[in-house]
Amino acid sequence: MLTKQADQAYVAGTYGRFDAAMASGQGAVYQDEDGKSYIDFGTGIGVTLFGACDPGWVKAVTDQLNTLGHVSNLYYTAPQAKLAELLCQRTGMKKVFYGNSGAEANECALKVARKYGESTGRNVIVTLRNSFHGRTIATLAATGQDRFHEHFGPFPEGFRVIPANDHDALEAALTAGDVCGILMEMIQGEGGVIPLEPAYVQLAEKLCREHDILLMVDEVQTGNGRTGSLYCYMQYGIQPDVVTTAKGLAGGLPMGACLLGERCQHILGKGDHGSTFGGNPICAAAALNVISRIDDALLEGVKAREAFIRQAMADCPGHQGVTGMGLMLGIATDKPSAEVASACLRDGLMVLTAHEKVRLLPPLNISFEALRQGIDILKKNLS
Ligand SMILES: Cc1ncc(COP(=O)(O)O)c(C=O)c1O
């Protein structure tokens, strides 16, 4: 039975898939089961940072697989300890909790905020309208987009959604006296690749300090070099109390992490949280490979590729501009974005959509030649 038929018969129908069954990939090029090639501007939704089957990453993973696979969090394992050390050294955070996804990283952050506020009776978590934080019941409650909520209520209490970039609403929310944390994406990814304004983010940091509220940044999509810094908050000049990340963290294996700063590093104690697979040696070895390769040269390369894309799109009809930072870019297209994405796929280019935009999340090390070829296909399909 063909892949598509078997999938449609037996896999739960939660995904609106493109009409292609992918068979293999190398770097920024995938092949489908019919042997057709595609340039990849999607990295599996921001995951395969160094492209498909990157040799260094594959070696790190296979070496670990051949040494120690799963053993559980009942024992110390070197890859997760080394990774935590590296993440803390590179961010100034103090402790790391590992999960398996972005939603799990955010679930951990929500629990940390609740326990942080417990002694003062504060339990409200503020999030932003148009945000996306995951699809578990609690992370859906945190997500500020009603369309994701349909059918799944009731939701847990203690979430308050405010409009992004509205200073007065932020001040009113954070001075209400019942808030233990605020969770925000620096660039709203699923919401349409919309960066927060720096002055707003800096005000949030100030108010959080003044009112003993945890500033929690969701870097699930923006993190791990994607926007031109190791984590996007670094470009906003702030120091969050909690940083969550996943997607590109392990470069193609499931891993999420919740990084805890000075103020909340001791909040989670024995038995407060856990995960069978979280931080397993294989995913941790993959992430060690990824994080240790995100250096200044790579980040400069991300910015150079962003400049290349912006310049290539500047004089192109059929769109209303490019938003985002680094290699997390959104293009508001005149035609419906889903139509553009399907046409690109037909012509051999994989792109994503986000709301009404075409979204580009190419590999951080994609060659300029592949970038040029992909942009040519995109431009052709915009008008
Ligand atoms: C900002 C943000 N947070 C959380 C998530 C959820 O991540 P996951 O699908 O790994 O649970 C996503 C996924 O798109 C995301 O973009």
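From a predicted model like this one, the values you see are computed outputs, not experimental measurements. When reading the values below, keep in mind they use all heavy atoms of this one structure, side chains included, and skip hydrogens, waters and symmetry mates.
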Margin query: Which residue in the set Thr139, Asp218, Thr245 passes side-chain hydrogen bond (donor to acceptor under 3.5 Å, both in side chains) when paired with Asn106?
Written below: Asp218

Note to self: A side-chain contact here means heavy atoms from C-beta on lying under 4.5 Å apart; do Met350 and Asp40 qualify?
What the structure shows: yes

Notebook entry, point to check: What's the verdict on salt bridge (Lys or Arg N to Asp or Glu O under 4.0 Å) for Lys111 and Glu107, showing C-alpha distance, side-chain angles and the deciding distance?
Noted result: CA-CA 6 Å; Lys111 285 179 75 172; Glu107 284 277 349; over 6 Å; no

Checklist line | ILVMFWY network linking Leu215 to Met234, side-chain heavy atoms under 4.5 angstrom | finding: yes

Check: So, are Arg372 and Glu369 salt-bridged, with charged N and O less than 4.0 Å apart?
Finding: yes

Notebook entry, point to check: With a cut-off of 6.0 Å (strictly less than), are more than 12 heavy atoms of other residues, nucleotides or ligands near CD of Glu157?
Noted result: no

Checklist line | Expected output: side-chain His149 to main-chain Thr143 donor-acceptor under 3.5 Å | finding: yes

Check: Is Leu140 reachable from Ile162 through a run of I, L, V, M, F, W or Y residues, each pair having side-chain heavy atoms under 4.5 Å apart?
Finding: no

Next item on the list: Taking all non-hydrogen atoms of both residues into account, name the closest pair between Leu268 and Cys108 and its distance.
Entry: CD1-SG, 3.8 Å

Notebook entry, point to check: With respect to Cys316, which candidate in Ile375, Ile331, Leu382, Val322 satisfies the side-chain contact (heavy atoms from CB on, under 4.5 Å) definition?
Noted result: Leu382

Check: Is the backbone N or O of Thr62 less than 3.5 Å from a side-chain atom of Asn66, with the two atoms forming a donor-acceptor pair by type?
Finding: yes

Checklist line | 4.5 Å side-chain heavy-atom contact, Asn100 and Ser275 | finding: yes

Notebook entry, point to check: For Gln221 and Arg359, does a side-chain donor sit closer than 3.5 Å to a side-chain acceptor?
Noted result: yes

Check: Is it the case that more than 12 heavy atoms not belonging to Glu33 sit under 6.0 Å from its CD atom?
Finding: yes

Check: Just by distance, with hydrogens left out, do Lys357 and Thr333 show a side-chain donor and acceptor under 3.5 Å apart?
Finding: no

Notebook entry, point to check: Any side-chain heavy atom of Pro156 within less than 4.5 Å of one from Ile137?
Noted result: yes

Check: Taking all non-hydrogen atoms of both residues, which atom of Val351 and which atom of Phe18 are closest, and how far apart?
Finding: O-CZ, 3.7 Å

Next item on the list: Using modelled atom types only, decide if a donor and an acceptor are shared between the side chain of Asp212 and the backbone of Cys208 within a distance under 3.5 Å.
Entry: no

Note to self: Name the residue from Lys95, Arg263, Lys94 that meets the salt bridge (Lys or Arg N to Asp or Glu O under 4.0 Å) definition with Asp241.
What the structure shows: Arg263

Note to self: Please tell me whether Val340 and Leu329 are part of a single hydrophobic cluster in this structure, the criterion being side-chain heavy atoms less than 4.5 Å apart.
What the structure shows: yes

Note to self: So for atom CD, which belongs to Gln89, do other residues, nucleotides or ligands contribute more than 12 heavy atoms lying within a distance under 6.0 Å?
What the structure shows: yes

Next item on the list: Establish, from distance only, whether the side-chain atoms of Arg293 and Asn365 form a donor-acceptor pair under 3.5 Å.
Entry: no

Next item on the list: Measure the spacing between CG of Leu170 and CG of Leu203 and express it to the nearest 0.5 Å.
Entry: 5.0 Å

Note to self: So, taking the atom named CG in Asp272 and the one named CD1 in Ile267, what distance separates them when rounded to the nearest 0.5 Å?
What the structure shows: 9.0 Å

Check: Of the non-hydrogen atoms in Pro363 and Gly51, which two are nearest, and what is the gap between them?
Finding: CB-N, 3.9 Å

Margin query: I need the single residue from Thr222, Val302, Thr227 that forms a side-chain contact (heavy atoms from CB on, under 4.5 Å) with Met325. Which is it?
Written below: Thr227

Checklist line | side-chain hydrogen bond (donor to acceptor under 3.5 Å, both in side chains) between Gln145 and His355, worked out | finding: CA-CA 11 Å; Gln145 297 189 62; His355 260 222; 2.9 Å; yes

Notebook entry, point to check: Taking all atoms of both residues into account, what is the closest heavy-atom pair of Leu253 and Cys283, and its distance?
Noted result: CB-SG, 3.9 Å

Item checked: Criterion salt bridge (Lys or Arg N to Asp or Glu O under 4.0 Å) on Asp376 and Lys380, from CA distance to verdict -> CA-CA 6 Å; Asp376 283 349; Lys380 174 182 162 234; over 6 Å; no

Check: Ignoring hydrogens and geometry, is there a side-chain-to-backbone donor-acceptor pair from His211 to Ile213 under 3.5 Å?
Finding: no

Notebook entry, point to check: Of the non-hydrogen atoms in Ala285 and Pro79, which two are nearest, and what is the gap between them?
Noted result: N-CB, 3.9 Å

Margin query: Can you confirm whether Thr43 sits close enough to Leu49 that some side-chain heavy atom of one is under 4.5 Å from a side-chain heavy atom of the other?
Written below: no

Note to self: Angle between ring planes, Phe308 versus Phe368, binned at 30° and 60°: parallel, tilted or perpendicular?
What the structure shows: perpendicular

Next item on the list: Answer yes or no: does atom CD of Gln202 have more than 12 heavy-atom neighbours from other residues, nucleotides or ligands under 6.0 Å?
Entry: yes

Next item on the list: Could you check Glu356 against Ser337 for side-chain hydrogen bond (donor to acceptor under 3.5 Å, both in side chains), going step by step and ending with a plain yes or no?
Entry: CA-CA 6 Å; Glu356 299 311 313; Ser337 54; 4.7 Å; no

Checklist line | Donor-acceptor contact present, side-chain Thr91 to main-chain Met93, <3.5 Å | finding: yes

Check: Does Arg114 make a cation-pi contact with Phe159, if we ask for NZ or CZ under 6.0 Å from the ring centre and within 45° of the axis?
Finding: yes

Margin query: Other residues, nucleotides and ligands only: do more than 12 of their heavy atoms fall within 6.0 Å of CD1 on Ile45?
Written below: no

Item checked: Flag, side chain of Gln31 to backbone of Tyr38, donor-acceptor distance under 3.5 Å -> no

Next item on the list: Would you please say whether a donor-acceptor pair under 3.5 Å links the side chains of Asn224 and Tyr231?
Entry: yes

Note to self: Looking at Tyr233, is its backbone amide N or carbonyl O close enough to the side chain of Glu219 to form a donor-acceptor pair, meaning the two atoms are under 3.5 Å apart?
What the structure shows: yes

Margin query: Could you measure the distance from the CG atom of Leu174 to the CD atom of Glu210? Nearest 0.5 Å is fine.
Written below: 10.0 Å

Margin query: If you define the side chain from C-beta out and look only at heavy atoms, does anything of Arg160 sit under 4.5 Å from Asp178?
Written below: yes

Next item on the list: Check for a donor-acceptor pair, side chain of Trp57 on one end and backbone N or O of Thr48 on the other, with a separation under 3.5 Å.
Entry: no

Notebook entry, point to check: Taking the side chain from Asn165 and the backbone from Glu197, do they hold a donor-acceptor pair closer than 3.5 Å?
Noted result: yes

Margin query: Does Arg90 have more than 12 heavy atoms from other residues, nucleotides or ligands lying within 6.0 Å of its CZ?
Written below: yes

Notebook entry, point to check: Just wondering, more than 12 heavy atoms not from Lys36 lying within 6.0 Å of its NZ?
Noted result: yes

Item checked: Pairwise side-chain contact, Gln188 with Phe132, heavy-atom cut-off 4.5 Å (strictly under) -> no

Notebook entry, point to check: Roughly how far, to the nearest 0.5 Å, is the CE atom of Met184 from the NE2 atom of His133?
Noted result: 9.0 Å

Margin query: Give me the atom names and distance for the closest heavy-atom approach of Tyr236 to Pro195.
Written below: OH-CB, 3.7 Å

Check: In Å, rounded to the nearest 0.5 Å, how long is the span from CZ of Phe97 to SG of Cys258?
Finding: 8.5 Å

Margin query: Taking the side chain as everything from C-beta on, heavy atoms only, tell me whether Gln80 gets closer than 4.5 Å to Val96.
Written below: no

Checklist line | Joint hydrophobic cluster, Val290 plus Phe277, side-chain heavy atoms closer than 4.5 Å | finding: no

Check: Under a 4.5 Å cut-off applied to non-hydrogen side-chain atoms, are Leu378 and Leu360 in contact?
Finding: yes

Item checked: Lys303 atom NZ, neighbour heavy-atom count above 12 within 6.0 Å -> yes

Item checked: Cluster link Leu349 to Ile309, ILVMFWY, side chain under 4.5 Å -> yes

Note to self: Whether the side chain of Tyr98 engages the backbone of Gly274 through a donor-acceptor N/O pair (distance < 3.5 Å, no angle test) should be reported.
What the structure shows: no

